[in-house]
Undergrad: 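My questions all concern the structure below.
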Amino acid sequence: MKHSEPGGSTNAIEVEDLRKTYRGGVEALRGLSFEVRSGEIFALLGPNGAGKSTTVRILTTLASATGGSARVAGLDVASDAREVRRRIGYIAQGSGGDPLITGRENLQLQGQIFRLPPKRLRQRIDELLALFQLEDAAARMVETYSGGMRRRLDVAMGLIHQPEVLFLDEPTTGLDPKSRSVMWKEVERLAREGLTILLTTHYLEEADHLAQRLAIIDHGSVVVAGSPDELKGGLRGDLVSIELRDRDRTDEARATIEAVDGVSRVLRTGVELYAQVDQGTSAVPAVVGALEKAGLEVAQISLSRPSLDDVYLTATGQVFQQGGASASSDDL
Amino acid sequence: MDFFKDTWYLYIRLVRLTRRMPVFLLLSIMQPVLWMLLFGQLFAAVITIPGFEADSYIQFIAPGIAIMTALFSAAYSGMGLLRDIEGGVLDRLLATPVSRGAIVASRVLLASSQVVLQAGVILVMAFFLGARPHGGVLGLLLLLLAAALLAAAFASTSCGLALLTRRQELVIAAMNFMVLPMTFLSSMIMSQNLMPAWIRTMARVNPVNWAVIAARQGFEGQNLTELATSLALLSGFTLVCAIFAVQAFHRYQRAM
């Protein structure tokens with residue numbers, strides 16, 4: 001694993017071979033490794049149950065790892081937990097604000113815990129309330145807030161002590177599109193101010209839009225990591241998606257397509273087949289021809305440049321094959 | 001130092017959210033008042049049984065009801081903690097450097113202060129019903145201390161159970177299972193002289209009875225040795241409960 005860059009830029013988070021086995025034997029993390037550079041937005045992308053939240057819980061000292069090591073802001077999360085907690089902001093998946101007190105009171109308590117001096121705390125609260133457009137709601141019980149307002153308060157609470165590293169666990173899950181774009185703008189602005197942000201998401205679009213780098217994780221380990229462009233570039237050529245009229249023969253078609261010249265790989269999700277090809281324009285007629293020759297009628301065929309969706313698809317598809325599970329498994 | 005500061009900050013939060021539930025406040029004040037009236041009327045005749053040895057039943061029962069309040073109010077302290085767990089408030093706090101002990105201590109402090117308030121209401125009412133505190137101001141303060149200690153013990157137990165089980169139903173069932181038997185195995189509403197021998201024996205090792213004896217001796221100001229012994233035993237019990245709560249907290253964190 002690569003630690004700091006030769007140029008001297010440091011890593012805000014370093015995770016090495018992290019393992020977590022819950023009592024009862026469930027392996028949530030199976031040797032997870034990645035690093036987050038100072039000042040970047042890094043996304044952990046993966047399906048539900050992939051191990052994203054477990055990773056964040058270990059990095060924020062809420063859970064302990066069963067193996068491996070993790071450092072946040074240069075400090076070991078296990079042996080230096082108390083100091084780590086001083087330097088991080090954590091915004092959990094659910095709201096962590098107390099619904100039965102006001103927004104301002106929530107911020108006040110959070111600031112008191114971090115021992116902000118009273119005068120400084122008052123300024124900071126006003127600053128954050130203005131920043132997150134919560135001034136009018138400050139004196140109202142959080143119970144009465146909308147989902148988007150609650151989320152903004154959560155982020156404000158996580159920022160009260162000006163942390164070095166911010167953890168955002170599924171920041172936009174359950175938000176309407178408008179609140180989501182507001183949240184994205186906030187996250188981008190925070191990153192411009194030099195804050196390191198680790199966010200988890202199961203929205204590809206979110207990772208693509210926000211993250212400078214990301215890691216796709218599945219079944220508790222990193223499948224692939226890099227910048228969105230690097231990852232897309234890593235997929236050679238184009239992607240052809242095919243749907244058959246006779247869906248029962250999809251597996252048969254898969255074998256047929258795999259034999260076509262210029263096709264490097266074929267994956268199946270449900271009734272669709274995805275062929276990774278060197279040259280889209282020449283591959284499409286070749287694929288259609290081969291299928292017709294085998295007596296398989298094509299219902300739909302399309303050609304696309306690789307998107308992050310495709311990275312995700314090929315990345316997690318690979319895992320299924322390596323894990324020995326059927327490659328034509330539907331549960332992608 | 002951090003522990004005390006954090007306990008105070010978290011306590012203020014709990015006081016704030018309690019204050020925002022005026023119906024809850026009203027009910028928790030009305031409840032002991034109702035008990036005083038009901039028990040005072042229902043059992044008024046027991047005083048005529050030979051061997052009961054009290055001037056009036058109100059005089060006898062006032063300190064007992066104060067302790068009963070402590071029991072019933074504090075037993076469900078863990079419910080609030082469960083709400084914090086479910087709402088993500090506890091996780092949010094645990095990701096900060098807040099003193100871990102302060103999280104439970106603030107709830108115990110809330111239960112104790114609520115009980116002191118309720119016991120105060122009971123004592124004022126008892127005075128108007130004719131009861132007289134022969135133990136003076138110091139005696140009354142010791143009565144309130146006994147109520148606060150018992151409340152702290154039960155709040156700790158309740159929070160500990162909440163952390164261990166993380167199920168409302170289990171906490172309620174477990175606390176209900178303890179509260180009534182411990183009430184009736186004490187001299188809270190019935191004179192020790194009139195108890196069957198086996199209950200008298202059980203009462204001797206019942207922390208609720210220690211609290212009742214301490215409260216009653218404080219109110220009557222008669223037997224100071226008994227007062228001191230009961231308070232000492234009660235303090236020990238409260239300490240054990242607090243240790244249980246702290247252990248439960250560590251276990252909760254390890255399970256994560």
Side-chain angles (χ1 to χ4, degrees), chain A residues 20 22-24 28 53-54 56-65 72 77 81-102 104-106 108-116 121 140-143 150 153-154 157-158 160-161 163 165-167 169, chain B residues 1-25 77 79-107 109-110 114 163-166 249-256:
Chain A
K20 173 75 180 179
Y22 284 105
R23 268 187 294 183
S53 285
T54 303
V56 170
R57 290 183 67 84
I58 292 171
L59 293 177
T60 53
T61 79
L62 289 174
S64 53
V72 172
V77 292
R82 218 179 138 70
E83 194 52 39
V84 169
R85 290 180 196 128
R86 274 184 219 289
R87 298 177 186 218
I88 60 167
Y90 167 56
I91 291 112
Q93 216 170 94
S95 173
D98 186 334
L100 297 178
I101 58 176
T102 68
R104 183 180 286 276
E105 286 166 350
N106 265 298
Q108 195 187 356
L109 174 63
Q110 192 76 2
Q112 285 169 334
I113 286 171
F114 284 101
R115 301 287 186 272
L116 266 68
L121 177 55
R140 266 168 41 203
M141 282 216 259
V142 172
E143 207 174 40
R150 267 189 184 217
L153 177 67
D154 288 338
M157 285 169 73
I160 194 113
H161 57 298
V165 183
L166 190 68
F167 292 90
D169 200 358
Chain B
M1 198 54 212
D2 275 343
F3 168 76
F4 292 110
K5 265 191 180 166
D6 284 336
T7 302
W8 178 250
Y9 294 142
L10 293 171
Y11 173 71
I12 293 297
R13 166 203 160 215
L14 295 175
V15 169
R16 276 173 171 159
L17 68 89
T18 309
R19 264 204 339 230
R20 300 243 164 74
M21 299 187 282
V23 178
F24 170 80
L25 273 179
S77 171
M79 294 299 119
L81 191 55
L82 274 180
R83 196 168 42 79
D84 276 357
I85 292 175
E86 281 153 19
V89 175
L90 187 61
D91 275 353
R92 190 249 303 164
L93 288 174
L94 289 176
T96 72
V98 76
S99 153
R100 279 33 195 164
I103 294 173
V104 174
S106 60
R107 294 216 164 260
L109 190 61
L110 181 79
Q114 188 190 328
L163 288 163
L164 287 183
T165 67
R166 271 173 271 166
F249 202 85
H250 287 315
R251 215 188 134 104
Y252 169 83
Q253 281 193 279
R254 270 201 308 274
M256 288 297 108

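Everything quoted here is computed from the prediction, not taken from an experiment.
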Undergrad: Where does A/R86 contact chain B at under 4.5 Å (heavy atoms): side chain, backbone, both or neither?
TA: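 It is both, since atoms from each part get that close.
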Undergrad: What part of B/L90 lies closer than 4.5 angstrom to a heavy atom of chain A: side chain, backbone, both or neither?
TA: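 The answer is neither part of B/L90.
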Undergrad: Quick check on A/T102 against chain B: is it the side chain, the backbone, both or neither that has a heavy atom closer than 4.5 Å?
TA: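 Answer is both: backbone and side chain atoms of A/T102 are under 4.5 Å from chain B.
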Undergrad: Under a 4.0 Å threshold between the charged nitrogen and the carboxylate oxygen, would B/R20 count as salt-bridged to A/E105?
TA: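 Yes, A/E105 and B/R20 are salt-bridged.
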Undergrad: Using a strict threshold of under 4.0 Å (side-chain N to carboxylate O), is an ion pair present between A/R57 and B/D91?
TA: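 Looking at A/R57 together with B/D91, the answer is yes, because their closest N to O distance falls below 4.0 Å.
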Undergrad: Return the minimal non-hydrogen interatomic distance between B/P97 and A/I113, and the atom names on each side.
TA: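 So the two residues come closest at CD-CG2, 4.4 Å.
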Undergrad: How close do A/R85 and B/T96 get, heavy atom to heavy atom, and via which atoms?
TA: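 Of all heavy-atom pairs spanning A/R85 and B/T96, the closest is CD-O, 3.2 Å.
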Undergrad: Answer yes or no: is there a side-chain heavy-atom contact under 4.5 Å between A/D154 and B/R92?
TA: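 No, side chains not in contact.
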Undergrad: Supply the atom-to-atom distance B/R100 CZ to A/R82 CZ, rounded to the nearest 0.5 angstrom.
TA: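 Atom-to-atom, B/R100:CZ and A/R82:CZ are 7.5 Å apart.
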Undergrad: Go through the structure and list residues passing side chain to side chain contact (heavy atoms under 4.5 Å, CB included) with B/R83, not counting sequence neighbours.
TA: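 Applying side chain to side chain contact (heavy atoms under 4.5 Å, CB included) to B/R83 gives A/D98, A/L100, B/L17.
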Undergrad: Between A/Q108 and chain B, which part of the residue has a heavy atom less than 4.5 Å away: side chain, backbone, both or neither?
TA: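 Looking at A/Q108, just its side chain touches chain B.
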Undergrad: Using heavy-atom distances under 4.5 Å, tell me whether A/L109 contacts chain B through its side chain, its backbone, both, or neither.
TA: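 A/L109 touches chain B through side-chain heavy atoms alone.
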Undergrad: Heavy-atom pairs under 4.5 Å with chain B: which of A/G96, A/P99, A/G97 has the most?
TA: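 That would be A/G96.
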Undergrad: Quick check: are there more than 12 heavy atoms from other residues, nucleotides or ligands sitting under 6.0 Å from OH of A/Y22?
TA: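 Yes, OH of A/Y22 has more than 12 neighbouring heavy atoms, counting only those of other groups under 6.0 Å.
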Undergrad: Find the distance between CD1 (A/I101) and CZ (B/R19) and round it off to the nearest 0.5 Å.
TA: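 Here the interatomic distance stands at 11.5 Å.
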Undergrad: Hey, which of A/M157, A/Q110, A/R115 has the most heavy atom pairs under 4.5 Å with chain B?
TA: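 Maximum pair count with chain B is reached by A/R115.
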Undergrad: By a 4.5 Å heavy-atom criterion (distance strictly below it), what part of A/F167 contacts chain B: side chain, backbone, both, or neither?
TA: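 For A/F167, no heavy atom lies under 4.5 Å from chain B.
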